[in-house]
Amino acid sequence: MSDQKLPTRGEDYSEWYNQVVLRAELADYAPVRGCMIVRPYGWALWENITAALDSRFKATGHVNAAFPLLIPRSFIEKEKSHVAGFSPELAVVTHGGGEELEEPLVIRPTSETIIGYAYAKWIQSYRDLPVLINQWNSVVRWELRTKLFLRTLEFFWQEGHTAHATFEEADFETRQMLDIYTDFAVREAAVPVIPGRKSDSERFAGADQTFSIEAMMGDGKALQAGTSHNLGQNFAKAFEIRYLDKNGVHQHCWTTSWGLSTRFIGAIIMVHGDDQGLIFPPRLAPFQLVIVPIYKTEDEKSSVLECAQKLRKELVAAGIRVKMDEREGVSPGFKFNDWEMRGVPLRLEIGPKDVAKGSVVLARRDRPGKEGKSFVSQQDLAASVAKLLEEIQKSLYDRALAFRNANTFETATYEEFKKAVEKGFAFSWWCGRSECEAKIKEETKATMRCIPLDQPGGTGKCVQCGEISKEKGIFARAY
RNA sequence: CGGGGCGUAGCGCAGCCUGGUAGCGCGCCUGCCUUGGGCGCAGGAGGUCUGGAGUUCAAAUCUCCACGCCCCGACCA
């Protein structure tokens with residue numbers, strides 16, 4: 001660490017983000033442009049994200065599997081709009097074993113096609129349905145403008161792929177998974193999100209309908225934090241995924257896909273972080289509590305460490321993720337700042353005075369300085385800690401929601417709209433036409449994020465063209 | 001893929017204009033001292049100056065070419 005202070009978010013939000021990711025040791029740049037090395041601290045966060053999602057997938061009947069990294073290029077070409085959408089960003093393997101391949105292989109940008117191939121083989125009867133499979137993997141899309149976690153050439157994610165007998169079942173699945181993402185974002189990550197439907201131009205290549213959850217970052221920009229697609233019968237027709245129904249008639253399946261990526265880590269960073277650095281929501285934080293022992297003499301050191309170890313064991317036994325910072329030669333003050341920068345939600349300070357009094361100091365990451373510090377008895381420490389962690393979790397959500405509300409504007413005129421998207425979200429009537437959407441983008445740089453599922457009802461005038469509209473949309477500049 | 005910026009110690013930079021001994025800050029190592037909000041002092045290690053070609057007695061420095069990275073725009077989880 002060369003300079004000790006981060007740039008503030010107000011000075012340079014983008015640079016604040018880059019630095020905090022590197023200094024907190026979440027990730028590092030790789031030798032190939034656009035690729036990312038996820039460091040242990042960042043991966044620990046991802047593991048907590050995957051665990052929270054995976055249990056929700058399992059609870060709704062999904063199972064995990066693994067499909068290949070390499071896909072015959074002809075597969076990608078089988079679904080018209082899918083090729084059109086993805087061909088500019090494909091990585092293609094042309095050689096293997098020292099020879100040019102007869103058919104180039106695409107490194108998966110997503111797995112609809114190879115899974116479609118497998119489903120066509122596996123599904124014959126309505127009795128085989130539904131198929132509810134998820135896979136955890138990484139995919140490659142040749143991005144030209146990259147940023148750690150938010151947009152990298154290779155990224156880690158989960159992709160769920162399901163096949164159903166009817167449109168209704170596929171529609172239910174699509175919405176159910178959107179609900180799961182919403183629940184995960186709100187309850188685990190303390191990130192308020194707006195679930196909604198994507199416009200035609202923002203739809204996934206090959207989907208009939210795309211839904212997303214949209215979150216507001218600390219600079220007022222939007223981030224798509226998860227997506228769920230109803231693929232209709234498009235892939236089923238391209239790959240001949242068919243089943244024989246009860247009447248003995250061949251039907252094409254209805255398929256869905258849904259994904260959430262390491263991009264979500266970017267959302268956590270930008271939704272909760274402050275000028276000191278990261279703030280992780282307790283439920284996902286790699287370390288929920290860090291212990292900083294404080295001592296001068298050798299005698300103090302042994303008694304403080306002994307006590308700290310005892311407390312650590314109690315906390316671990318209570319299921320709390322604890323880090324003990326026993327580094328020699330760095331001052332406690334340094335450690336305070338270091339762990340604050342790295343986003344640990346709660347810090348436990350213990351020194352000779354605390355050992356004598358049977359107390360500790362607990363300092364909340366979400367409330368800087370003295371205000372967030374409290375003296376707490378070592379008796380029932382685990383219970384006190386658990387309670388504080390819950391409070392922090394809640395206050396992070398409340399704070400993020402308040403910020404989003406303060407920066408979301410219901411705009412009546414186009415002038416108001418233009419001002420709104422400078423600061424945050426515009427929630428405005430929209431006629432639904434792509435031309436209006438394109439014009440808005442051209443003139444304001446804001447894009448149609450989603451049409452929230454939660455609509456006020458009634459009608460209003462499209463913010464751009466003035467036509468009577470039935471729905472309101474979220475518009476914002478986006479990552 | 002267009003525009004801009006930058007490649008010199010692990011990181012951040014100076015040196016380049018005006019060619020001639022490789023420098024500073026932070027970090028790292030050792031020792032002492034300190035430790036309740038980013039300690040201090042002393043000593044030390046660490047460089048094919050992104051690569052290639054050219055000009056020159058001599059190139060980090062001048063010329064040309066290549067490569068890489070970052071930032072800003074068009075396309076995307």
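In what follows, chains are A, B, ... by sequence order, proteins preceding strands, each numbered from 1.
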> Any donor-acceptor pair under 3.5 Å between the side chain of A:Asp338 and the base of B:rG38?
Replying inline: no

> Considering only the P atoms, how many Å lie between B:rG68 and B:rU56, rounded to the nearest integer?
Replying inline: 32 Å

> When rounded to the nearest Å, what value does the distance between C1' atoms of B:rG47 and B:rA22 take?
Replying inline: 8 Å

> Hey, does A:Glu340 reach any base, or is it just sugar-phosphate, or nothing, if we go heavy atoms under 4.0 Å?
Replying inline: base

>> Can you tell me the base-pairing partner of B:rA42? Count Watson-Crick or G-U wobble geometry only, both distances below 3.5 Å, and say none if there is no partner.
In response: B:rU30

> Does B:rC16 have a Watson-Crick or wobble partner in any strand here, with both distances under 3.5 angstrom, and which is it?
Replying inline: none

> For every nucleotide of nucleotides 72-77 of chain B, 5' to 3': is a protein heavy atom under 4.0 Å from its base (B), only from its sugar-phosphate (S), or from neither (-)?
Replying inline: SBBSBB

>> At 4.0 Å (heavy atoms only), tell me whether A:Lys335 reaches a base, stays on the sugar-phosphate, or touches nothing.
In response: nothing

> Using a cut-off of 4.0 Å on non-hydrogen atoms, how would the nucleic acid contact of A:Arg327 be classed: base, sugar-phosphate, or nothing?
Replying inline: nothing

>> Taking A:Arg56 first and then A:Asp183, would you say they form a salt bridge - that is, a charged N and a carboxylate O separated by under 4.0 Å?
In response: yes

> Which part of the nucleic acid does A:Asn18 contact within heavy-atom distance under 4.0 Å: base, sugar-phosphate only, or nothing?
Replying inline: sugar-phosphate

>> Would A:Arg263 and A:Phe149 count as a cation-pi pair here, with the cationic atom under 6.0 angstrom from the ring centre and within 45° of the axis?
In response: no

> What is the ring orientation for A:Phe235 with A:Phe239, classed by angle as parallel under 30°, tilted 30 to 60°, or perpendicular over 60°?
Replying inline: parallel

>> I'd like to check the side-chain hydrogen bond (donor to acceptor under 3.5 Å, both in side chains) partners of A:His272; sequence neighbours left out, ordered by chain and number.
In response: none

> Which part of the nucleic acid, if any, lies within contact of A:Val292, taking any heavy atom under 4.0 Å across all strands shown: a base, the sugar-phosphate backbone alone, or nothing?
Replying inline: nothing

> Quantified in whole Å, what is the C1' atom distance between nucleotide B:rA59 and nucleotide B:rC70?
Replying inline: 27 Å

> So is A:Arg151 actually on top of A:Tyr479's ring, under 6.0 Å and inside 45° of the axis?
Replying inline: no

> Counting any heavy atom closer than 4.0 Å, what does A:Gly259 reach on the DNA or RNA strands: base, sugar-phosphate only, or nothing?
Replying inline: nothing

> Across all strands, who's sitting opposite B:rA66 as a Watson-Crick or G-U wobble pair, both distances under 3.5 Å?
Replying inline: B:rU50

>> Any carboxylate oxygen within less than 4.0 angstrom of a Lys/Arg side-chain nitrogen, looking at A:Glu349 and A:Arg347?
In response: yes

